[in-house]
Number of protein chains: 2
Amino acid sequence: MEPTLKLADQICFPVYAASRLIIRKYTPYLDELGLSYPQYLVMLVLWEEDQVPVSFIVQKLLLNTNTVTPLLQRLEAMGMLTRKKSQQDERKVIVSLTAKGRKLKEQAASIPSEMAACLLSKEITAADLGMLVNKLNQLIATLNEEEAS
Amino acid sequence: MEPTLKLADQICFPVYAASRLIIRKYTPYLDELGLSYPQYLVMLVLWEEDQVPVSFIVQKLLLNTNTVTPLLQRLEAMGMLTRKKSQQDERKVIVSLTAKGRKLKEQAASIPSEMAACLLSKEITAADLGMLVNKLNQLIATLNEEEAS
DNA sequence: AAATATTATATCGCACACGATATAATTTAT
DNA sequence: ATAAATTATATCGTGTGCGATATAATATTT
């Protein structure tokens, strides 16, 4: 497929539109948890690994500090997590889940399979989704690696 | 791949992260045109079909009116397009490119191939990109169709 | 034809997302 | 040991992105 100025032919628009539409699809599920989509992503990171510095979340989500800091401040105000300066290095702020934040994981447990079901269709099989995830992760690796240099 | 609460396994995060990283990659090219990424998308629509109502752009970009209206207002202030009420139906606002807006297409012509080159790597071939575009467009169709009901 | 519903666009408020910049703490170079 | 550089996080300003709502024009119903 030769790249042109046509909207549907370029990779950028399908990825951008799919991202927004998938997030829209998540919203009703996340509303039950009282989380926005980016807040949900932060919680996913912390459910995998707790008591991490802000920079860890920044790296995992490929976001910038100036996006993550306000996210953490809102989640702290919601009682989901705490932020405390590290003893070893006072530049670092350690983010830790509260009991409430840990408990929310149980409520969230059903979301991934519910969402996967939403995305399947005649044209898109589970294998397709798996392949998409793989290729997109490779694409992300390429884009992120160049950025680091 | 069984869906879990792990960040990298779900389809949502790779799509979301890839979208943001691709847009970051575009930014230096778009800066030369003086356009943001969503503004560029509006121009792509108008370069394909001029003199269309706001709703046409909304449908093409899968955005909401309350996102597109301010975009158009900024592009109008930049002298790229005009907005005029339709004669036939005064509820409609017809968006038309100015000479300046049409001329910008020439400057933008090189962007798609430059961007495609940026995204290729050992792991991602042109065929992979084509396949990604196809599958994502199918996914978008599924998500958008459900929404319409 | 008047009331009601629908359609097309716009406004408002809030939460990202990011470039640019600031600040404080640690590391390094002299 | 002290100045300079680096690191980690935060603040500020602008531009989306969207739910909720408003407004004006057209279509439909009674």
Side-chain angles (χ1 to χ4, degrees), chain A residues 13 16-28 30-31 34-43 52-59 61-78 81 83-95 143-144 147-148, chain B residues 12-13 16-28 30-31 34-43 52-59 61-78 81 83-95 143 147-148:
Chain A
F13 177 69
Y16 164 79
S19 173
R20 286 186 302 97
L21 292 178
I22 293 173
I23 291 173
R24 277 188 205 171
K25 205 67 168 184
Y26 264 90
T27 305
L30 296 180
D31 280 350
L35 296 176
S36 71
Y37 178 72
Q39 288 166 359
Y40 172 67
L41 292 183
V42 171
M43 296 304 284
V52 293
V54 175
S55 57
F56 181 85
I57 299 169
V58 164
Q59 282 167 26
L61 300 184
L62 307 174
L63 287 165
N64 299 323
T65 326
N66 49 6
T67 299
V68 171
T69 294
L71 273 173
L72 294 175
Q73 289 171 339
R74 284 191 198 97
L75 286 167
E76 186 177 34
M78 291 162 63
L81 52 80
R83 298 186 307 142
K84 288 208 186 82
K85 283 205 172 183
S86 164
Q87 299 287 346
Q88 290 81 32
D89 185 340
E90 293 218 332
R91 292 172 303 180
K92 292 187 183 172
V93 169
I94 303 301
V95 181
L143 287 166
N144 199 41
E147 195 161 283
Chain B
C12 68
F13 177 68
Y16 163 78
S19 172
R20 287 185 302 97
L21 292 178
I22 292 173
I23 291 173
R24 277 188 206 171
K25 206 65 167 183
Y26 265 90
T27 304
L30 296 181
D31 280 349
L35 296 176
S36 70
Y37 178 73
Q39 288 168 358
Y40 171 67
L41 292 182
V42 171
M43 296 304 283
V52 293
V54 175
S55 56
F56 181 85
I57 299 169
V58 163
Q59 283 167 27
L61 300 184
L62 307 174
L63 287 165
N64 299 324
T65 325
N66 49 7
T67 300
V68 171
T69 294
L71 273 173
L72 294 174
Q73 288 170 340
R74 284 192 197 95
L75 287 168
E76 186 177 36
M78 291 162 63
L81 50 81
R83 298 185 306 142
K84 288 208 185 82
K85 283 204 173 186
S86 164
Q87 300 287 347
Q88 290 81 33
D89 184 341
E90 293 217 332
R91 291 171 304 180
K92 292 187 184 172
V93 170
I94 304 300
V95 181
L143 287 166
E147 196 162 280

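Since we're looking at a predicted model, the values are computed, not measured. Below, read A as the first sequence line, B as the second, and so on, with proteins coming before strands; counting in each chain starts at 1.
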Just to be sure I understand the rule, does [X] reach a base, reach only the sugar-phosphate, or reach nothing, if contact means heavy atoms closer than 4.0 Å?
X     : answer
B:R74 : base
B:T65 : base
A:Y16 : sugar-phosphate
B:S55 : sugar-phosphate

Interatomic distance, [X] [atom1] vs [N] [atom2] [rounded to whole Å]:
X     : N      : atom1 : atom2 : value
A:N64 : C:dT21 : CG    : C1'   : 14 Å
B:I94 : D:dA25 : CD1   : C1'   : 14 Å
A:K85 : D:dA8  : NZ    : C1'   : 10 Å
A:L30 : C:dC14 : CG    : P     : 21 Å
B:L61 : D:dG17 : CG    : P     : 10 Å
A:L21 : D:dG17 : CG    : P     : 12 Å
B:L75 : D:dG15 : CG    : C1'   : 12 Å
B:L63 : C:dT9  : CG    : C1'   : 15 Å

Please state whether the phosphate of C:dA17, meaning OP1 or OP2, lies under 4.0 angstrom from any side-chain nitrogen or oxygen of A:T67.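 It does not, given that no N or O in the side chain of A:T67 lies less than 4.0 Å from OP1 or OP2 of C:dA17.
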Would you tell me if any nitrogen or oxygen in the side chain of A:Q73 comes within less than 4.0 Å of OP1 or OP2 on D:dT9?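 For A:Q73, the contact criterion (side-chain N or O under 4.0 Å from OP1 or OP2 of D:dT9) is not met.
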When you match B:I23 and A:P70 each to their closest nucleotide on DNA chain D, which lands nearer the 5' end?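 Looking at DNA chain D, the more 5' nearest nucleotide goes with A:P70.
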Most 5' of B:L71 and A:T27 on DNA chain D, judged by nearest nucleotide: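 Upstream on the strand: B:L71.
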Measure from the side-chain N and O atoms of [X] to the backbone N and O of [Y], and report whether any donor-acceptor pair falls under 3.5 Å.
X     : Y     : result
B:E76 : B:Q73 : no
A:D89 : A:R91 : yes
A:T67 : A:L63 : no

Which residue lies toward the 5' end of DNA chain C, A:D89 or A:Q39, if each is placed at its nearest nucleotide?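 Mapping each residue to its closest nucleotide by heavy atoms, the 5'-most match is A:Q39.
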Is the positively charged end of B:R24 above the ring of B:Y26, judged by distance under 6.0 angstrom from the centroid and angle within 45° of the axis?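 Pair B:R24/B:Y26 does not count as cation-pi.
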Less than 3.5 Å between a donor and an acceptor, one on the side chain of A:N66 and one on the base of C:dG19, is that the case here?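 Per atom types, the contact qualifies.
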A:R91 (side chain) and D:dT7 (base): donor-acceptor pair under 3.5 Å: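 Yes.
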Residue pair B:L72, B:R83: steps toward the side-chain contact (heavy atoms from CB on, under 4.5 Å) verdict: CA-CA 8 Å; B:L72 294 174; B:R83 298 185 306 142; 3.8 Å; yes
